[in-house]
Amino acid sequence: QVQLVESGGGLVQPGGSLRLSCLASGFTFSTYPMRWYRQSPGKERELVAAISPTGSTASYTDSVKGRFTISRDNAKNTVLLQMNNLKPEDTAVYYCNAVRPVVPITQYWGQGTQVTVSS
C-alpha cells in the first residue's frame, strides 16, 4: 500500500546537476518527515538530507551542504532533491525514506535511483 518511487537519476559529468524526485502514496504524506539517503558499494547507507513535514526546516550532511537542496510539495506528495555541482564521490544509489512519526515506528523505502558522476 505504501509506496515511494524515486526518479531523476542518471549519468552526469562532474560539476553538473540532477534533480531527484520521490513520489509517495499510501500514507498521509504531509505529516511525515522525509529523507534522502544514498549508498555506494561497500559502504553503509548515508543520510543525505531531511525535511520537516511542512518543509519549514531542512538538514544536510556536511559533504553536500551548499550543493544540495531538499524540498517538498505536499499537494503533490513529492519530495525533491536538487543536486548541483556534483562530484564523483556523490555517485551512489539514492533512496527516498519516510519514518512514521508515531508508534509503532515504521520506515518506508523506495527502490532507489542510480546517480553516477563521471567524466
Can you give me the closest heavy-atom contact between Arg72 and Gly55, atom names plus distance? CD-N, 3.8 Å
Given the side-chain rings of Phe27 and Tyr108, with only the six-membered ring counted for Trp, is the space between their centroids under 6.0 Å? yes
Determine the sole option in Leu86, Leu11, Thr116 for which the side-chain contact (heavy atoms from CB on, under 4.5 Å) test with Leu18 is passed. Leu86
Taking the side chain as C-beta and beyond, is there a heavy-atom pair between Cys96 and Trp109 under 4.5 Å? no
Pro53 and Thr31: which non-hydrogen atoms are nearest, and at how many Å? CG-O, 3.6 Å
Would you say Phe68 and Met34 are hydrophobically clustered, going by side-chain heavy atoms of ILVMFWY under 4.5 Å? yes
Can Asp62 and Lys65 be said to form a salt bridge (Lys or Arg N to Asp or Glu O under 4.0 Å), step by step? CA-CA 5 Å; Asp62 286 343; Lys65 286 181 179 177; 2.9 Å; yes
Cluster question for you: counting only ILVMFWY and a side-chain heavy-atom cut-off of under 4.5 Å, with indirect links fine, are Val117 and Trp36 together? yes
Could you tell me whether the side chain of Gln114 reaches within less than 4.5 Å of the side chain of Val93, counting heavy atoms only? yes
Side-chain donor or acceptor of Gln82 paired with backbone N/O of Thr69 under 3.5 Å: no
Val2 vs Thr106 side-chain heavy atoms within contact, under 4.5 Å: no
Non-hydrogen side-chain atoms of Ser30 and Thr28 separated by less than 4.5 Å: yes
Backbone of Thr57 reached by a side-chain donor or acceptor of Ser52 within 3.5 Å: yes
What's the separation between atom CD in Glu89 and atom OG in Ser40, rounded to the nearest 0.5 Å? 10.0 Å
For Val48 and Val64, work out which heavy atoms get closest and say how close. O-CG2, 3.8 Å
Take atom CD in Gln107; do more than 12 heavy atoms of anything else shown fall under 6.0 Å from it? yes
How far apart are the closest heavy atoms of Leu80 and Thr78, and which atoms are they? CD2-CG2, 3.5 Å
Pairwise distance CG(Leu81) to CZ(Arg19) - rounded to 0.5 angstrom: 9.5 Å
With hydrophobic residues grouped by side-chain heavy-atom distances under 4.5 Å, do Leu23 and Tyr37 end up in a single group? no
Please list all pairs passing the salt bridge (Lys or Arg N to Asp or Glu O under 4.0 Å) test where one or both residues lie in residues 42-54, with sequence neighbours left out. Arg38-Glu46
Let me check something: do Tyr95 and Val115 share a hydrophobic cluster, defined by ILVMFWY side-chain heavy atoms less than 4.5 Å apart, either directly or through other members? no
Can Leu47 be reached from Tyr94 by stepping across I, L, V, M, F, W or Y side chains whose heavy atoms are under 4.5 Å apart? no
Gap between atom OG of Ser59 and atom CZ of Arg35 - 0.5 Å precision: 8.5 Å
Closest non-hydrogen contact found for Tyr32 with Ala98 is CD2-CB, 3.9 Å
Start with the C-alpha distance between Phe29 and Val79, add both sets of side-chain angles, then the distance that settles side-chain contact (heavy atoms from CB on, under 4.5 Å), and finish with yes or no. CA-CA 10 Å; Phe29 179 79; Val79 60; 4.3 Å; yes
Heavy atoms only: give me the nearest Leu4-Ala24 pair and the separation to one decimal. CD2-CB, 3.5 Å
So, does Gln111 use its side chain to make a donor-acceptor pair with the main chain of Val5 at under 3.5 Å? no
For residues 36-92, which residue pairs pass the disulfide bond (SG atoms under 2.5 Å apart) check, not counting sequence neighbours? none
Here the gap from Met83 atom CE to Arg67 atom CZ, rounded to the nearest 0.5 Å, amounts to 9.5 Å
